[in-house]
**Student:** 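Attaching a single structure in structure tokens format; questions to follow.
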Amino acid sequence: MANERTLSIIKPDAVAKNVIGQIYTRFENAGLKVVAARMAQLSRAEAEGFYAVHRERPFFKDLVDFMVSGPVMIQVLEGDNAIAKNRELMGATDPKKADKGTIRADFADSIDANAVHGSDAPETAQVEISYFFPALNVYSR
Ligand code: RTP
Ligand code: MG
């Protein structure tokens with residue numbers, strides 16, 4: 001299996017619920033290592049840039065409003081199949097459709113306030129990681 005890195009964000013709703021540690025435990029129990037992390041209050045420009053692929057979608061403004069509504073916890077996760085593994089831990093975008101035991105089923109309230117972000121492919125993972133972390137601040141171990 002490929003050793004990969006993926007970009008994960010614990011969104012403002014989950015940070016406000018004080019469940020960063022519970023979410024990190026799920027990453028660790030699945031064999032994903034946190035190799036870079038920082039908490040940030042995103043500016044509108046940062047949030048719009050991060051979600052630029054969704055610029056034309058009807059939910060874009062709500063998405064940006066939500067992502068700047070409070071601090072987020074941003075991390076790079078590393079491990080075998082990290083991109084798919086993290087998406088599996090997260091569950092479906094809409095928490096009502098997310099499998100039992102997933103992060104979104106357990107911690108998210110709505111499709112807007114859905115607790116976590118995870119990269120969806122190797123190309124987007126690379127772009128998203130360098131968006132938030134200069135390469136020198138990522139540590140493999
Ligand atoms: P994310 O990028 O945040 O990890 O979520 P995702 O891949 O599961 O979903 P994506 O399609 O990339 O959408 C990004 C975020 O936009 C919001 N969204 N709202 N109202 C809607 O129909 C709708 N669709 C998407 C969600 O908050 C989603 O996480
Ligand atoms: Mg996405």
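Throughout, numbering of the chain's residues begins at 1 and tracks the sequence. Note that ligands are numbered from 1 as they come in the structure, with each ligand's atoms numbered from 1 the same way. Hydrogens, waters and symmetry mates play no part in the numbers below; they use all other heavy atoms, side chains included.
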**Student:** Write down, by chain and number, every protein residue that brings a non-hydrogen atom to less than 4.0 Å from an atom of ligand 1.
**Tutor:**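 Within the 4.0 Å shell of ligand 1, which is judged on heavy atoms, sit K11, Y51, H54, F59, L63, R87, M90, T93, R104, I111, D112, N114, H117, G118.
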**Student:** Do NZ/NE/NH1/NH2 and the carboxylate oxygens of E78 and R5 come within less than 4.0 Å?
**Tutor:**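 Yes, charged N to carboxylate O under 4.0 Å.
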**Student:** Check the orientation of F132 and F50. Use parallel for under 30°, tilted for 30 to 60°, and perpendicular for over 60°.
**Tutor:**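 Geometry flag for F50 against F132: tilted rings.
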**Student:** Heavy-atom count check: over 12 atoms from other residues, nucleotides or ligands less than 6.0 Å from Q126 CD?
**Tutor:**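 No, not enclosed.
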**Student:** Going only through I, L, V, M, F, W and Y residues with side-chain contacts under 4.5 Å, is there a path from I129 to V127?
**Tutor:**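 Different clusters: I129 never reaches V127 through Ile, Leu, Val, Met, Phe, Trp or Tyr contacts under 4.5 Å.
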**Student:** Under 4.5 Å between side-chain heavy atoms, counting indirect links through other Ile/Leu/Val/Met/Phe/Trp/Tyr residues: same cluster for I83 and V53 or not?
**Tutor:**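 Cluster IDs for I83 and V53 differ.
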**Student:** Looking at L89, L7, N86, which hits side-chain contact (heavy atoms from CB on, under 4.5 Å) with L77?
**Tutor:**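 In the set L89, L7, N86, the residue that makes a side-chain contact (heavy atoms from CB on, under 4.5 Å) with L77 is N86.
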